[in-house]
Engineer: 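Next up is a structure, given as structure tokens.
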Amino acid sequence: MMTPCNGAVMVLDADMFEAGYVATTLQARGLQVVGPFGDAEQARSALAREPKVRAAAVAQDMAIAAPELLDAMRSDGVHVLLLLPSVADAASHVSGDVLAKPFAAYQVADWASAILVGEERDARPVQNVVYLRAAEAELPEA
């Protein structure tokens with residue numbers, strides 16, 4: 001039996017392949033998805049029609065193209081997960097939840113589930129998980 005979902009998650013990414021991958025994984029987890037959107041205007045219109053959006057996974061390109069959209073989301077209480085192209089980019093984002101490539105869509109689903117369904121999640125912030133995995137990847141071969 002699935003736990004009832006309290007709201008929806010919006011997916012914003014100009015790369016529609018990645019956006020579709022994340023959206024499909026969220027839906028498979030039983031979460032309601034708004035989008036995916038590859039355009040900030042489409043996302044803005046949908047946000048006005050979908051007051052139940054409580055979380056958003058936003059790629060860095062969309063965050064740069066439409067910072068006012070992210071500000072509006074955050075002021076409306078929407079939790080934002082910023083999806084970054086690399087761990088190096090994550091270093092400049094000291095606050096908020098971030099994931100840096102390489103990441104898996106299940107990590108986005110874990111984050112969204114914790115917000116929308118209230119499932120337990122790792123106590124570490126998402127950005128710390130990214131740094132730990134990056135550090136493991138840089139270990140020299142024995």
Side-chain angles (χ1 to χ4, degrees), residues 1-140:
M1 182 172 112
M2 295 201 124
T3 307
C5 189
N6 184 14
V9 60
M10 181 178 276
V11 178
L12 299 125
D13 193 332
D15 182 332
M16 290 309 290
F17 176 78
E18 287 183 14
Y21 164 60
V22 170
T24 300
T25 302
L26 291 165
Q27 290 168 336
R29 182 70 66 91
L31 301 175
Q32 183 177 359
V33 176
V34 177
F37 298 105
D39 175 82
E41 285 306 314
Q42 291 174 334
R44 191 176 285 109
S45 294
L47 194 58
R49 293 187 315 268
E50 299 286 345
K52 62 188 173 268
V53 172
R54 291 193 50 231
V58 182
Q60 183 181 30
D61 57 346
M62 297 293 284
I64 291 170
E68 71 287 345
L69 177 59
L70 263 64
D71 292 342
M73 284 182 187
R74 288 182 174 130
S75 68
D76 287 342
V78 175
H79 299 268
V80 175
L81 176 63
L82 191 58
L83 306 174
L84 302 174
S86 71
V87 173
D89 291 315
S92 64
H93 296 277
V94 292
S95 65
D97 289 336
V98 299
L99 274 178
K101 289 181 183 175
F103 64 84
Y106 80 85
Q107 292 172 290
V108 179
D110 288 348
W111 172 85
S113 291
I115 292 165
L116 300 178
V117 181
E119 290 180 2
E120 291 292 322
R121 73 175 187 182
D122 192 325
R124 296 174 294 174
V126 175
Q127 63 189 18
N128 290 342
V129 174
V130 171
Y131 291 128
L132 289 173
R133 291 200 174 141
E136 290 168 2
E138 295 172 3
L139 292 175

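Each residue takes its place number in the sequence, starting with 1. Below, all heavy atoms of this structure are taken into account, side chains as well, without hydrogens, waters or symmetry copies. This is a predicted model, so every value here is computed, not measured.
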Engineer: Can you see which heavy atom on Q60 is nearest to which on P85, and at what distance?
Structural biologist: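 Reported closest heavy-atom pair: OE1-CD, 2.8 Å.
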Engineer: In Å and rounded to the nearest 0.5 Å, what is the CG to CG distance from L12 to L81?
Structural biologist: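 The distance works out to 11.5 Å.
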Engineer: Could you give me the CA-CA distance, side-chain angles and deciding distance for I115 and R54, then say whether side chain to side chain contact (heavy atoms under 4.5 Å, CB included) is met?
Structural biologist: CA-CA 8 Å; I115 292 165; R54 291 193 50 231; 4.1 Å; yes
Engineer: Which heavy atom in A56 sits nearest to a heavy atom in W111, and how many Å separate them?
Structural biologist: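 Taking A56 first and W111 second, the nearest heavy atoms are O-CH2, 3.6 Å.
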Engineer: Checking side chain to side chain contact (heavy atoms under 4.5 Å, CB included) for the pair D61/D13: CA distance, chi angles, key distance, verdict?
Structural biologist: CA-CA 7 Å; D61 57 346; D13 193 332; 4.1 Å; yes
Engineer: Which atom names give the shortest non-hydrogen contact between A57 and V9, and what distance separates them?
Structural biologist: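 Closest pair (atom of A57, atom of V9, distance): N-CG2, 4.4 Å.
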Engineer: How long is the gap from CG on D15 to OH on Y21, to the nearest 0.5 Å?
Structural biologist: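 Between D15 CG and Y21 OH, I get 12.5 Å after rounding to 0.5 Å.
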Engineer: Which atom names give the shortest non-hydrogen contact between L31 and A109, and what distance separates them?
Structural biologist: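 The answer is CD1-O, 4.2 Å.
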Engineer: Can you tell me how far the CD atom of Q32 sits from the CD atom of Q27, to the nearest 0.5 Å?
Structural biologist: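 If we round to the nearest 0.5 Å, Q32:CD and Q27:CD are 9.5 Å apart.
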Engineer: Please lay out, stage by stage, how V108 and T25 fare under the test side chain to side chain contact (heavy atoms under 4.5 Å, CB included).
Structural biologist: CA-CA 9 Å; V108 179; T25 302; over 6 Å; no
Engineer: Atom CG of D39 and atom CE of M62: how far apart are they, to the nearest 0.5 Å?
Structural biologist: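 Those atoms lie 6.0 Å apart.
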Engineer: Looking at residues at least two apart in the chain, or sitting in another chain, which of them share a side chain to side chain donor-acceptor pair (under 3.5 Å) with R74?
Structural biologist: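 None.
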Engineer: Determine the minimum heavy-atom distance between A63 and L82, stating which atoms define it.
Structural biologist: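 Of all heavy-atom pairs spanning A63 and L82, the closest is CB-CD1, 3.6 Å.
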Engineer: Which atom pair, heavy atoms only, marks the closest approach of V22 to A105?
Structural biologist: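 Closest approach of V22 to A105: CA-CB, 4.0 Å.
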Engineer: Applying side chain to side chain contact (heavy atoms under 4.5 Å, CB included), run through L47 and L69 and close with a yes or a no.
Structural biologist: CA-CA 10 Å; L47 194 58; L69 177 59; 4.1 Å; yes
Engineer: If you measure from CG on D110 to CZ on R29, what distance do you get to the nearest 0.5 Å?
Structural biologist: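 Output value for this atom pair is 4.5 Å.
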